[in-house]
*Asks:* 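Encoded as structure tokens, here's the structure I'll be asking about.
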Amino acid sequence: MTNKEIIIEVIEAFDRGDGEAITKHMTDDVEWHMLGDQTFTGKEALKKFFADNTEMKVLSATKDHIIIDGDNVAVDGQVQCTGPNGAFYDMYYCDIYELENAKVKKFITYTVNKNSVKAGQR
């Protein structure tokens, strides 16, 4: 698989909330940095996150840009999802992935709540 195909599979698994499908593409010591929120280290920590957050559902998501530079892949777009207690989120996102031997070694997630962006700006 190409790096692009791997990352597309990861993103589609995120959209389904499928922790097993996500983590099959991760190294055992993967790092996930959700900037400004939390950091997870290790495949088992990611599996636990998805098992503990089954109420999170992606309602819609786009992949507006996929930029590849060797083993680095960046993806941005928009996502609408529900979270704990039915909270609704409408966000812009950008994920930056670092791959090693066709596995995700590290990824960083940036999100911006659309309600915090001034009208007319993006």
*Asks:* Just how far is it from atom NE2 of His25 to atom CD1 of Ile8, taken to the nearest 0.5 Å?
*Replies:*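 Result: 11.0 Å between the selected atoms.
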
*Asks:* Just do the side-chain contact (heavy atoms from CB on, under 4.5 Å) check on Tyr110 and Val112 with the steps written out, would you?
*Replies:* CA-CA 7 Å; Tyr110 297 85; Val112 176; over 6 Å; no

*Asks:* A cation-pi test, strictly: NZ or CZ of Lys114 under 6.0 Å from the centre of the six-membered ring of Tyr92 and no more than 45 degrees from its axis. Yes or no?
*Replies:*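 Yes, Lys114 lies over the aromatic ring of Tyr92.
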
*Asks:* Is the shortest heavy-atom distance from the side chain of Tyr97 to the side chain of Asp71 under 4.5 Å?
*Replies:*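 They are not in contact (no side-chain heavy atoms under 4.5 Å apart), so the answer is no.
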
*Asks:* With a 4.5 Å cut-off on side-chain heavy atoms, are Ile96 and Asn72 touching?
*Replies:*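 Not touching, per the 4.5 Å side-chain cut-off.
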
*Asks:* Hey, are the side chains of Tyr89 and Met56 touching, using non-hydrogen atoms and a 4.5 Å cut-off?
*Replies:*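 Side chain of Tyr89 against side chain of Met56, heavy atoms only: no contact under 4.5 Å found.
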
*Asks:* Find the distance between CG (Asp18) and CD (Glu12) and round it off to the nearest 0.5 Å.
*Replies:*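 The CD atom of Glu12 is 11.5 Å from CG of Asp18, to the nearest 0.5 Å.
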
*Asks:* Using every non-hydrogen atom in the two residues, find where Val58 and Asp15 come nearest and quote the distance to one decimal.
*Replies:*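 Heavy atoms only, the tightest pair is CB-O, 3.4 Å.
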
*Asks:* Please round to the nearest 0.5 Å and tell me the distance separating atom CD1 of Ile11 and atom CG of Asp95.
*Replies:*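 The CD1 atom of Ile11 sits 6.5 Å away from the CG atom of Asp95.
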
*Asks:* Do the side chain of Lys4 and the main chain of Met1 share a donor and acceptor less than 3.5 angstrom apart?
*Replies:*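 It does not hold such a pair.
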
*Asks:* So if I apply the side-chain contact (heavy atoms from CB on, under 4.5 Å) rule between Phe40 and each of Lys48, Glu31, Met34, which one comes out positive?
*Replies:*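 It is Met34, the one option of Lys48, Glu31, Met34 that forms the side-chain contact (heavy atoms from CB on, under 4.5 Å) with Phe40.
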
*Asks:* Ignoring hydrogens, what is the shortest heavy-atom contact between Asn3 and Gly70? Give both atom names and the distance.
*Replies:*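 Minimum heavy-atom contact is ND2-O, 2.9 Å.
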
*Asks:* Does any non-hydrogen side-chain atom of Ile7 lie less than 4.5 Å from one of Ile66?
*Replies:*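 Answer no - side chains too far apart.
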
*Asks:* Would you name the heavy atoms of Lys106 and Val30 that are closest together and state the gap between them?
*Replies:*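 So the two residues come closest at N-CG2, 4.3 Å.
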
*Asks:* How would you list all residue pairs meeting side chain to side chain donor-acceptor pair (under 3.5 Å) that involve residues 34-47, not counting sequence neighbours?
*Replies:*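 Qualifying pairs: His33-Thr39.
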
*Asks:* For a 4.5 angstrom cut-off between non-hydrogen side-chain atoms, does Leu99 reach Lys103?
*Replies:*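 SC-SC contact between Leu99 and Lys103 ruled out.
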
*Asks:* Test salt bridge (charged side-chain N to carboxylate O under 4.0 Å, His left out) on Lys105 and Asp29 and set out the steps.
*Replies:* CA-CA 7 Å; Lys105 174 83 172 163; Asp29 61 347; 2.6 Å; yes

*Asks:* Any side-chain heavy atom of Val75 sitting closer than 4.5 Å to one from Tyr93?
*Replies:*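 Touching, per the 4.5 Å side-chain cut-off.
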
*Asks:* How far apart are the closest heavy atoms of Ile22 and Val10, and which atoms are they?
*Replies:*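 Closest pair (atom of Ile22, atom of Val10, distance): CG1-O, 4.0 Å.
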
*Asks:* What about Phe88 and Met91, same hydrophobic cluster or not, with Ile/Leu/Val/Met/Phe/Trp/Tyr joined at side-chain heavy-atom distances under 4.5 Å?
*Replies:*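 Different clusters.
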
*Asks:* Starting at SG of Cys94, measure out to CG of Leu35 and round the result to the nearest 0.5 Å.
*Replies:*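 That separation rounds to 10.0 Å.
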
*Asks:* Return the CG to OG1 distance between Leu46 and Thr23, rounded to the nearest 0.5 Å.
*Replies:*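 Result: 7.0 Å between the selected atoms.
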
*Asks:* Return the orientation label for the Phe50 and Phe14 ring planes: parallel under 30°, perpendicular over 60°, tilted otherwise.
*Replies:*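 Perpendicular.
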
*Asks:* Under 3.5 Å, side chain of Asn85 to main-chain N/O of Ala87, donor-acceptor pair present?
*Replies:*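 Not confirmed, Asn85 side chain does not pair with Ala87 backbone.
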
*Asks:* Counting only heavy atoms from other residues, nucleotides and ligands, does the tally under 6.0 Å from CG of Asp52 exceed 12?
*Replies:*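 Result for CG/Asp52: enclosed.
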
*Asks:* What residues, two or more places apart in sequence or in another chain, satisfy side chain to side chain donor-acceptor pair (under 3.5 Å) together with Ser60?
*Replies:*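 Partners of Ser60 under the side chain to side chain donor-acceptor pair (under 3.5 Å) test: Gln80.
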
*Asks:* Please tell me if the side chains of Leu59 and Thr82 come closer than 4.5 Å, counting only heavy atoms from C-beta onward.
*Replies:*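 In short, these two side chains touch, coming nearer than 4.5 Å.
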
*Asks:* Less than 4.5 Å apart, any side-chain heavy atom of Asn53 and any of Glu55?
*Replies:*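 A side-chain contact exists here, since the closest heavy-atom pair is under 4.5 Å.
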
*Asks:* Whether the side chain of Glu9 engages the backbone of Ile6 through a donor-acceptor N/O pair (distance < 3.5 Å, no angle test) should be reported.
*Replies:*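 No, the answer is negative, given that no donor and acceptor are paired below the 3.5 Å cut-off.
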
*Asks:* How far apart are the closest heavy atoms of Gly77 and Asp64, and which atoms are they?
*Replies:*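 Reported closest heavy-atom pair: CA-OD2, 3.4 Å.
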
